[in-house]
Amino acid sequence: MSFRNRLALFLVAMLVVVQALTAVFTYSTIRSSLVERGKNQLATATTTLMKQLDVLGQRVGDDVEVLSLDYALRKAVAEHDPATALSALRNHGDRVGATRMMLVELDGKVSADTGDRYVPGTAFPFPALVQTAASQAQGTALAVLDGRLYWIVAVPVRAPVPIAFIAACVPVDDELLNRLAALSSISQSMALATQTRDGWTVVAQTSGYVSGKVDWHAAVDGSGPVLSTDDNAGHVAMIARLTTAKSSPPVLAVFDYPLDQTLDSYRAVLRPMLLVLAGALLLALAVAFLISRSVSRPLELLAGAAKRIARGDYAPVPEVSGSDEVSELGSALDGMTKAVAERESALRNAIVSLEAARAEAVKANEAKSQFLSNMSHELRTPLNAIVGFSEMIHGQVFGPLGVARYAEYARHIYDSGVHLAAQFEQMFDLAHAESGKLELAHQPFAPGQLVYESVKTVSKAAEKAGVAIDIQGDFGVWPVVDGDAARLQRSFVNLIDNAIKFSHSGATVTIRGTRKGKQVKLVIADCGIGIKPEDLPVVLRPFHRGRRAFDGVHQGAGLGLPFARSIIEMHGGSLSIESEEGTGTIVTVILPVAATVEFAGAA
């Protein structure tokens, strides 16, 4: 097949594939967006249903509180007259919309029941509602009672102290669900189901609800709503467990959102779009043949010229008319020899430019370090004020605040300020270390004691993360090291804190210490998530954070390891990292022993 035909075939095939992929991608994107929107709307519907039921409970509760003030009822309760109390409850039941009313004594026994289900003296099945009503003047909850679903409101009868409780049971039935669905802006159907001896039974549903295959146990056992999409049926369904009274069987809400109605409008848009794509395809086919014809002939001439050049024939390349890429290719072949010399000259110029760029990069790095140093210095003063004033507010230096939560907030401000100040201090020291301006204190100290103090500093974080710390070796017999104890301890804290942060709950961080000659060796090993091989060369760079650090769990500014390495190297030591992804990380720190102290000890 000639080049001309291959080019035409390639253009046609490419256009067909592009048009087909465009149509499929457009439709799938529209459908996916509709499914996600349906899921969000159904999640909102679950919350709305519970709020509507809560509003219903508040309205019924207000009516029942009025009923609790009825003189005849209070007198019947005081005189232990269940017949009169039952009559009063029945008279007021229809008015508050409750199909069942019960009178519960202070001992939790039912003394009157308009449903004639409980014999006087029977224990009320939801004692937690009565306890809530006693402490908060009203208790409401969704509950299943005798196979029916009710919104139960418990209110104390006071004279003036509580002498009994009224439990009003408002039925949650088909009629109520239809009213709630009518108030919703989402076209959906819903049903409520509860668990019985024979399995799951739908106790209330809206009109138009069609029962399908529902995985009830997934919603009961899960920690949240269960969402499912049935592409064949064209709907999104969500099963959510509703909060019920203690001791009540579980209640699940099923919401169904149809997709077909919404997809119809999008399908109507797709049809004309496909017609336009088909017309564009036909036009593109004609243009493709014209392009292949106009391009192939000049390319054949240039291909012959390239073969002559390969054989050493540097005759002039046939001139190609026009101002397109093919004519430019002809000019490029004609000037190929001159281009080689020009490339060599350009290469020399590029080397000079790269040297200049490297010098600029060095200056930029110095400017960056100076900027970090200036920023850290400027921010420490206001941070000290924030920390100081928040500590004064928390300690209530000028008198009580009145609201205890203000002191708690002040403590949060103090803790955050101290953490931020520590970050700026590390940034300040790191910037000075990179620029060679950081000055260390030179005093003899015991590095083993720093290890114990560092472990004590991070012990709360380890306990919160569920990580154990295993210290191996007697750090107390380590010889003295000459240097800056405060900054070296902060380096140890950073290394141990990293090991805890990237370890799983239940894991153990091992800290080992040994001495060899005039050096002490500290090894911190964890069995956490590890580091990818390609990330090992860059984890010690300032502000570098691995991909996992952006998941909202492993947080940090990327200063811990660079700061630790800089401080340890300024002490004449070294820091090395060995890691394997999914297995863990081993950080090794080597520090020299102070020569003067070693000499004095030998004497």
Before you tell me yes or no, could you show the steps for I500 and I469 under side chain to side chain contact (heavy atoms under 4.5 Å, CB included), namely the whole-Å CA-CA distance, both residues' side-chain angles and the distance that decides it to 0.1 Å?
CA-CA 9 Å; I500 295 171; I469 300 178; 4.0 Å; yes
Could you please spell out the steps behind the side chain to side chain contact (heavy atoms under 4.5 Å, CB included) verdict for F563 and N494?
CA-CA 9 Å; F563 175 82; N494 288 344; 3.6 Å; yes
Does the side chain to side chain contact (heavy atoms under 4.5 Å, CB included) test come out yes or no for V144 and T244, once each step is laid out?
CA-CA 8 Å; V144 178; T244 57; over 6 Å; no
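When every heavy atom of A564 is checked against every heavy atom of L495, the shortest pair comes out as CB-CD2, 4.0 Å. Of all heavy-atom pairs spanning A204 and D174, the tightest one is CA-OD1, 3.2 Å. Shortest non-hydrogen contact noted between A112 and L86 is CB-CD1, 4.0 Å. The two residues V172 and Y150 come nearest to each other via the heavy atoms CG2-C, 4.0 Å. Annotation for T132 and G139: closest pair CG2-CA, 4.0 Å, computed over non-hydrogen atoms. In this structure, G530 and T585 approach most closely via the heavy-atom pair CA-OG1, 3.7 Å.
One N or O on the side chain of N178 and one on the backbone of S207 form a donor-acceptor pair closer than 3.5 Å. Between the side chain of S87 and the backbone N or O of A83 there is no donor-acceptor pair closer than 3.5 Å. Panel note: side chain T206, backbone M190; a donor-acceptor pair is recorded below 3.5 Å. Although no hydrogens or angles enter the test, the distance criterion places no donor-acceptor pair under 3.5 Å between the side chain of T201 and the main chain of T194.
Applying the side-chain hydrogen bond (donor to acceptor under 3.5 Å, both in side chains) test to pairs two or more places apart or on separate chains, none has a residue in residues 449-468.
For the atom pair W151 CH2 and L149 CG, the distance stands at 9.5 Å (nearest 0.5 Å). In this structure, the separation between CG on L177 and CG on L192 is 4.5 Å, given to the nearest 0.5 Å. C169 SG to D146 CG: the interatomic distance, rounded to the nearest 0.5 Å, is 9.0 Å. Going from atom NE2 of H92 over to atom OG1 of T114 covers 12.5 Å, rounded to the nearest 0.5 Å. The CG atom of L252 sits 4.0 Å away from atom CH2 of W200, with the distance rounded to the nearest 0.5 Å. For the atom pair CD1 of I511 and CD1 of I496, the computed distance is 4.0 Å after rounding to the nearest 0.5 Å.
The ring-ring contact (aromatic ring centres under 6.0 Å, His included) check on Y118 picks up nothing, with sequence neighbours excluded. Residues satisfying the salt bridge (charged side-chain N to carboxylate O under 4.0 Å, His left out) test with D113, not counting sequence neighbours, are R100. The salt bridge (charged side-chain N to carboxylate O under 4.0 Å, His left out) search around D173 returns none, not counting sequence neighbours.
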Only pairs under 3.5 Å count here: list side-chain donor-acceptor contacts from residues 71-79, not counting sequence neighbours, and write none if there are none.
{"unit_1": "R74", "atom_1": "NH1", "unit_2": "R158", "atom_2": "O", "d": "3.4"}

Under 3.5 Å, which donor-acceptor pairs do the side chains of residues 102-109 form with other protein atoms, sequence neighbours left out?
{"unit_1": "E105", "atom_1": "OE2", "unit_2": "S111", "atom_2": "OG", "d": "2.9"}
{"unit_1": "D107", "atom_1": "OD1", "unit_2": "K109", "atom_2": "N", "d": "3.1"}

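Side-chain atoms of P125 and L145, non-hydrogen and from C-beta on, do get closer than 4.5 Å to each other. Between L129 and F165 there is no side-chain heavy-atom pair separated by less than 4.5 Å.
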